[in-house]
There are 2 protein chains.
Amino acid sequence: MFSGEEELKSTRDRILDIALDLFTEKGFDKTSLREIADELGFSKAAIYYHFASKDEILMALHMRLHEFGYRAMDRFGRTPANLEAWADLFDELIDEIFANRKIILMHQRNSAAFEGLHHTTEHDDDHHDIEAVFREALADPAVPLRDRVRLTSAVGAIMGGLVLSGDMLNDVPSAQLADLLRDAVHDLLGGRTAKPAGRAGARAGRLTPPG
Amino acid sequence: MFSGEEELKSTRDRILDIALDLFTEKGFDKTSLREIADELGFSKAAIYYHFASKDEILMALHMRLHEFGYRAMDRFGRTPANLEAWADLFDELIDEIFANRKIILMHQRNSAAFEGLHHTTEHDDDHHDIEAVFREALADPAVPLRDRVRLTSAVGAIMGGLVLSGDMLNDVPSAQLADLLRDAVHDLLGGRTAKPAGRAGARAGRLTPPG
DNA sequence: GTCTATATAGGGATAGAC
DNA sequence: GTCTATCCCTATATAGAC
């Protein structure tokens with residue numbers, strides 16, 4: 001949805017695309033507006049026609065993820081707090097997570113910079129941050145501790161696959177990687193120790209057949 | 001091993017402790033030497049008696065983790081590349097990972113800054129970076145793709161538990177959290193789909209007994 | 001919409017007193 | 001070992017021409 005036809009994009013979007021790459025590679029603070037401008041072939045000051053400040057570029061990128069994040073967290077918030085339900089949700093979400101891989105990566109590599117935004121720029125502010133609902137679930141004493149740990153582990157496992165997919169597993173097709181991660185998440189959220197078999201088959205043969 | 005008697009520490013170590021906190025909270029770039037100095041009650045320039053540059057502070061913190069990381073990666077490099085062996089290794093490593101929790105957090109929140117160090121400061125350089133051996137295993141085509149994904153997932157799961165332990169699960173004792181993570185990692189690395197039972201018992205009753 | 005030129009601030013780093 | 005004072009550079013941001 002984002003990549004594709006490079007030509008007919010607005011200058012604003014081209015700035016954001018370059019910024020996304022540079023912020024991911026070098027970090028927000030170490031990326032100067034001059035570098036972004038150079039990459040696009042015009043001068044630093046030209047950026048200020050499109051964005052009032054460097055922070056606003058970061059905020060615009062935040063918004064790219066925010067729409068997805070808000071939908072996802074809304075669904076999470078309406079999902080019963082148990083492993084089975086979470087497993088199903090992740091099953092559906094992983095493809096979308098992969099589609100937003102680049103911008104998620106940028107977020108996690110610049111978490112400090114994003115935290116700084118809350119205090120300065122306006123941010124709607126009456127809705128919670130992307131992770132707020134998630135953190136609430138983790139703090140909820142009504143949910144068994146084991147389940148909460150499993151939840152963080154599942155998110156971490158997905159993030160691990162995502163981060164490293166950009167490095168070492170780049171040649172692996174996303175769909176295949178997504179399937180393998182779904183399988184891993186399932187093992188993580190699959191329930192208590194005893195859960196013999198017949199379950200892998202329940203999830204519509206996404207796995208490559210053994211062998 | 002790190003926290004404890006706050007009084008009889010060298011100024012150098014006190015600088016590092018404060019820097020560790022500030023770098024984690026606000027990020028390396030957004031933390032000025034003045035802030036570090038203020039926190040300690042003396043002036044900015046005094047820091048230069050102990051460190052030649054800001055980068056050297058970061059490097060010193062890197063070294064705090066490096067010793068552990070090097071040992072861990074050495075063991076990892078000498079471990080056969082299969083899920084069973086990795087599971088056993090993580091089993092042993094998790095306690096140490098928890099002991100280094102703060103500094104691991106700082107590393108992952110400032111990964112960009114640390115990458116910048118390699119190109120400037122000397123860094124022994126003949127030994128690999130902490131993650132290098134790990135990345136090699138991920139790139140090794142001799143290892144089944146599924147196993148490699150499991151490996152990243154396991155690391156991600158631990159990191160997830162670690163990161164969020166600092167936020168929402170702070171009241172939970174580390175030992176308990178470590179046990180729950182060990183259990184999760186085991187489910188992740190436990191082998192192929194069919195692996196009925198009798199395995200949880202094989203790992204020396206670390207788990208709280210069911211019920 | 002993009003340019004050049006410039007204002008301004010902040011932070012890393014050095015010199016030298018105490 | 002810590003201080004004050006200062007230098008210098010970089011980067012954000014603005015003003016105004018084209």
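Note: hydrogens, waters and symmetry copies are ignored here, and every other heavy atom, side chains too, is used. Order of the sequence lines fixes the chain letters, A, B, ..., with proteins taken first and strands second; residue numbering starts at 1 for each chain. Treat the numbers as computed from the prediction; the structure is a model and nothing was measured.
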In a check of side-chain contact (heavy atoms from CB on, under 4.5 Å) between A/V149 and each of B/D183, B/L180, B/D179, which one passes? B/L180
Is the backbone of A/F68 close enough, under 3.5 Å, to the side chain of A/N100 for a donor and an acceptor to pair up by distance? no
Figure out the CD1/P separation between B/I36 and C/dG11, and round it to whole Å. 12 Å
Where each residue is assigned the nucleotide of DNA chain D containing its nearest heavy atom, which of B/H50 and A/T31 is assigned the position nearer the 5′ end? B/H50
Whole angstrom is fine here: how far is it from CG in B/L58 over to C1' in C/dG11? 16 Å
Does A/S32 reach a base, just sugar-phosphate, or nothing at all? Heavy atoms under 4.0 Å. sugar-phosphate
Are OP1 or OP2 of C/dT2 and a side-chain N or O of A/T11 less than 4.0 angstrom apart? yes
Quickly work out the A/Y49 OH to C/dT4 C1' distance and round it to whole Å. 19 Å
Which residue is it: B/K30, B/K26, B/K44? I am looking for the one with a side chain to side chain donor-acceptor pair (under 3.5 Å) to B/E35. B/K26
Rounded to whole angstroms, how far apart are CD1 on A/I47 and C1' on D/dT14? 15 Å
Does the side chain of A/R150 come within less than 4.5 Å of B/D187's, by heavy atoms? yes
Closest non-hydrogen contact found for A/S53 with A/Y48 is CA-CE2, 4.2 Å
To the nearest Å, give me how far apart CD1 (A/I15) and C1' (D/dT12) are. 15 Å
Whole-Å distance separating the CG atom of A/D38 from the P atom of C/dT2: 14 Å
Nearest-Å distance for atom pair CZ/P, residues B/R34 and C/dA9: 16 Å
For the backbone of B/I15 and the side chain of B/K9, can you confirm whether one donor and one acceptor N or O come within less than 3.5 Å of each other? no
Where along residues 19-30 of chain B does a heavy atom fall under 4.0 Å from DNA chain D? none
Reading nucleotides 13-18 of chain C 5' to 3', which nucleotides get B (base under 4.0 Å from a protein heavy atom), which S (sugar-phosphate only), which -? BBB---
Run A/E25 and A/R109 through salt bridge (charged side-chain N to carboxylate O under 4.0 Å, His left out) and show every step you take. CA-CA 9 Å; A/E25 285 169 32; A/R109 280 178 70 89; over 6 Å; no
Are B/D17 and B/R12 ion-paired here, with the side-chain N under 4.0 Å from a carboxylate O? no
Tell me whether B/N110 contacts the main-chain N or O of B/F23 through its side chain, where contact means a donor paired with an acceptor under 3.5 Å. yes
